[in-house]
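Here the structure comes first, spelled out in structure tokens, and everything after it is commentary.
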Amino acid sequence: MNKFELLLLFMAGRMQYLSHHHAGFMALLHNKDFVIQLQTFDATTVRYFSIKHRGVRSHGQMHAKPDFVLSFKDADYAVKTLSKANPMAFMKGMQAGDIKMEGDFGLLMWFNNAAKYLQPDVPKPVRQAV
């Protein structure tokens, strides 16, 4: 399992947890029904997230008809870009051709809003130790 697969698996678990325990994230799910897929260009790493009925389901495979696909040139680049959580990193990646998007671009905005909740709240003593 590469770091990108691990990151996507963590995102899936975190989104599923937040869908039941965080009011702000629950609000993002309200009245939504779509599929977002993240992958590498060569599709060696791929996972889709299905948002439906205020729930989140995820599978480590390609979806037949995703509403939005976010592709990265390779797994290492995907981890570096997603870990930064910086919109400018996405813009630079798109301009350089290292990130490609297909489908409903409005879902990119949804994903950016959802990403704000994905970082776990780490207690200050733990952050200092790390």
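Note that the structure is a prediction, hence the values are computed from the model and not measured. Quick note: numbers below take in every heavy atom, side chains included, and nothing from hydrogens, waters or symmetry partners.
- Heavy-atom minimum distance, Gln37 versus Gln39: NE2-OE1, 2.6 Å.
- Linking Ile, Leu, Val, Met, Phe, Trp and Tyr residues whenever their side-chain heavy atoms come within less than 4.5 Å places Tyr17 and Val56 in a single cluster.
- Note on Tyr77: it clusters hydrophobically with Phe90, by side-chain heavy-atom contacts below 4.5 Å among ILVMFWY residues.
- Interatomic distance, His53 NE2 to Asp33 CG, rounded to the nearest 0.5 Å: 6.5 Å.
- The CG atom of Asp42 sits 8.5 Å away from the CG atom of Asp74 when rounded to the nearest 0.5 Å.
- Nearest heavy-atom pair, Leu8 versus Phe49, reported as atom, atom and distance to 0.1 Å: O-CZ, 3.8 Å.
- Counting heavy-atom neighbours within 6.0 Å of Met94 CE, excluding the residue itself, gives a total above 12.
- Arg47 contributes atom CZ, which lies 9.0 Å from atom CD of Gln61 (distance to the nearest 0.5 angstrom).
- Both Met91 and Leu38 sit in one connected hydrophobic cluster of ILVMFWY residues. Membership requires side-chain heavy atoms under 4.5 Å apart, directly or through other members.
- Using modelled atom types, one side-chain atom of His22 and one backbone atom of Gly24 make a donor-acceptor pair closer than 3.5 Å.
- Between the CE atom of Met11 and the CG atom of Leu18 there is a distance of 11.0 Å, given to the nearest 0.5 Å.
- Taken together through direct or relayed side-chain contacts under 4.5 Å among Ile, Leu, Val, Met, Phe, Trp and Tyr, Leu7 and Met15 form part of one hydrophobic cluster.
- Heavy atoms only, all atoms of each residue included: Gln16 and Ser58 are closest at NE2-N, 3.9 Å.
- Of the possible polar contacts, none joining the Gln95 side chain to the Lys92 backbone as a donor-acceptor pair under 3.5 Å is found.
- In the hydrophobic clustering, where aliphatic and aromatic side chains (Ile, Leu, Val, Met, Phe, Trp, Tyr) are joined below 4.5 Å either directly or transitively, Val35 groups with Tyr48.
- Cluster membership for Phe41 and Val79, using ILVMFWY side-chain heavy atoms within less than 4.5 angstrom, is not shared.
- The CG atom of Leu82 lies 9.5 Å from the CG atom of Leu118; values are rounded to the nearest 0.5 Å.
- The minimum heavy-atom distance between Phe72 and Ala78, with the atom names listed, is CG-CB, 3.5 Å.
- Residues Ser19 and Met26 share a closest heavy-atom pair of O-CG, 3.4 Å.
- Minimum interatomic distance between Leu70 and Phe68 (heavy atoms only, all atoms of both residues): CB-CE2, 4.0 Å.
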Report all side-chain donor-acceptor pairs from residues 96-113 shorter than 3.5 Å, counting only partners two or more places apart or in another chain.
| from | atom 1 | to | atom 2 | distance (Å) |
| --- | --- | --- | --- | --- |
| Asp104 | OD1 | Gly106 | N | 2.9 |
| Trp110 | NE1 | Leu28 | O | 2.9 |
| Asn113 | OD1 | Lys116 | NZ | 3.3 |
| Asn113 | ND2 | Met109 | O | 3.4 |

